[in-house]
Amino acid sequence: MPTDMPFELKLAGQTHEGELAFGVAWPRSGRDSPGFGWSVDASTALKLLEAIKDGHLEAEQAQQILTDLISQAGELVDESRRIDWAYARCFGDCDLCMRRKAKYEGYVAKYSAWAQAWEAAGASPDRYPFAMTKSTVHRSDCGIVTPAPYSLQHKPIDLRTFAHIEGDVMVGALPSTRHETHVWMSERTGPKGGRNYRLCKTCSPEIDDGR
């Protein structure tokens, strides 16, 4: 959330009230410059320019005024918000993003397959009666695995968020046909009939022989 900080300046013998805002704009071109993440109201900028034009201030003095204001306000913001500056200055092109790009592309592919599979299941629910998590069989209409309709309309998170915040993102369970479910269960059944999976106790899926 943006943070607003009012201030007062003495310019040409008059008091000017202005406001700094943090977190409103993050221009890519300014990410390595002092004051990145800060914005000053237009009236203050115009007053400073007017003072320079009229000879009441040198450009270096106006620059120092803004630098001091940002420095004082920045101490308060850093204490209260603990800004992750590596994330703030990244636009999906930092070293961490580049190191995680291949993994991110794998996540996007899985996400797309997941969304398409659930759209297909919604169109043909009889064809996809089940869904599996890591070790559990569910009915595809089980509330534990069924995604909310709006979630299928969302895009996957961006590379910057994936690399800096989310870490390893899990994609949800995929719906499956009766045959696919039977194969999945067979692969997790030992030679003596021991099962390395379980049936969801919430939806209690009724499993046939897979034919």
Side-chain angles (χ1 to χ4, degrees), residues 1-3 21-39 70 74 77-125 127-177 179-181 183-188 196-198 200 202-203 205:
M1 292 289 291
T3 300
F22 180 79
V24 175
W26 304 89
R28 182 192 293 257
S29 60
R31 61 178 164 183
D32 295 321
S33 302
F36 177 65
W38 288 95
S39 303
I70 290 170
V77 168
D78 285 340
E79 288 179 4
S80 64
R81 298 181 58 170
R82 296 182 180 179
I83 306 301
D84 182 348
W85 285 107
Y87 174 76
R89 290 191 169 96
C90 173
F91 289 83
D93 56 358
C94 72
D95 290 344
L96 178 60
C97 286
M98 293 301 99
R99 289 198 303 271
R100 302 212 68 197
K101 189 173 182 179
K103 193 168 186 178
Y104 172 73
E105 290 172 348
Y107 151 73
V108 171
K110 288 181 180 179
Y111 183 96
S112 298
W114 171 82
Q116 291 172 9
W118 279 105
E119 287 175 357
S124 305
R127 177 173 168 76
Y128 300 93
F130 305 109
M132 281 80 69
T133 52
K134 186 175 182 180
S135 60
T136 306
V137 182
H138 304 260
R139 281 175 24 189
S140 60
D141 60 356
C142 177
I144 295 176
V145 297
T146 305
Y150 67 82
S151 65
L152 298 179
Q153 301 171 10
H154 289 183
K155 294 181 179 180
I157 60 174
D158 57 71
L159 172 59
R160 176 177 177 242
T161 303
F162 180 88
H164 289 265
I165 297 178
E166 296 294 340
D168 293 324
V169 181
M170 299 296 293
V171 176
L174 290 172
S176 62
T177 64
H179 176 69
E180 290 169 341
T181 304
V183 171
W184 184 90
M185 291 165 50
S186 297
E187 291 172 347
R188 289 159 179 78
N196 192 26
Y197 67 89
R198 61 189 180 89
C200 174
T202 300
C203 65

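For clarity, every value in this text was computed on a predicted model and none was experimentally measured.
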Could you tell me the separation between the [atom1] atom of [X] and the [atom2] atom of [Y], rounded to the nearest 0.5 Å?
{"X": "Glu119", "Y": "Trp114", "atom1": "CD", "atom2": "CH2", "value": "9.5 Å"}
{"X": "Ser33", "Y": "Trp38", "atom1": "OG", "atom2": "CH2", "value": "16.0 Å"}
{"X": "Asp158", "Y": "His164", "atom1": "CG", "atom2": "NE2", "value": "9.5 Å"}
{"X": "Asp93", "Y": "Lys101", "atom1": "CG", "atom2": "NZ", "value": "10.0 Å"}
{"X": "Glu180", "Y": "Met132", "atom1": "CD", "atom2": "CE", "value": "7.0 Å"}

Heavy-atom pair with the smallest gap, counting every atom of [X] and [Y]:
{"X": "Phe162", "Y": "Arg100", "result": "O-NH1, 3.3 Å"}
{"X": "Cys200", "Y": "Ile144", "result": "SG-CD1, 3.9 Å"}
{"X": "Phe36", "Y": "Pro27", "result": "CE1-O, 3.2 Å"}
{"X": "Ser135", "Y": "Asn196", "result": "CB-O, 4.5 Å"}
{"X": "Trp118", "Y": "Leu174", "result": "NE1-CA, 4.3 Å"}
{"X": "Ser176", "Y": "Thr181", "result": "OG-OG1, 2.7 Å"}

Donor-acceptor contact below 3.5 Å, side chain Ser140 vs main chain Pro175: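 The answer is no, because no donor-acceptor pair under 3.5 Å joins these two groups.
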Can you check whether Arg31's main-chain N or O pairs, donor with acceptor, with Arg89's side chain at less than 3.5 Å?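 Yes: the side chain of Arg89 pairs with the backbone of Arg31.
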State, with a plain yes or no, whether a side-chain heavy atom of [X] is found less than 4.5 Å away from one of [Y].
{"X": "Thr136", "Y": "Tyr197", "answer": "no"}
{"X": "Met98", "Y": "Leu159", "answer": "yes"}
{"X": "Val137", "Y": "Arg188", "answer": "no"}

Classify the ring geometry of Tyr104 against Tyr107: parallel below 30°, tilted from 30° to 60°, perpendicular beyond 60°.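 Judged by the thresholds at 30° and 60°, the geometry between Tyr104 and Tyr107 is tilted.
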Which pairs with one or both residues in residues 130-139 pass salt bridge (charged side-chain N to carboxylate O under 4.0 Å, His left out), sequence neighbours excluded?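 Passing the test, one end in residues 130-139: Arg139-Asp141.
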For a ring-ring contact (aromatic ring centres under 6.0 Å, His included) check, start with the C-alpha distance between Phe130 and Trp184, then their side-chain angles and the critical distance, and finish with the verdict. CA-CA 11 Å; Phe130 305 109; Trp184 184 90; over 10 Å; no
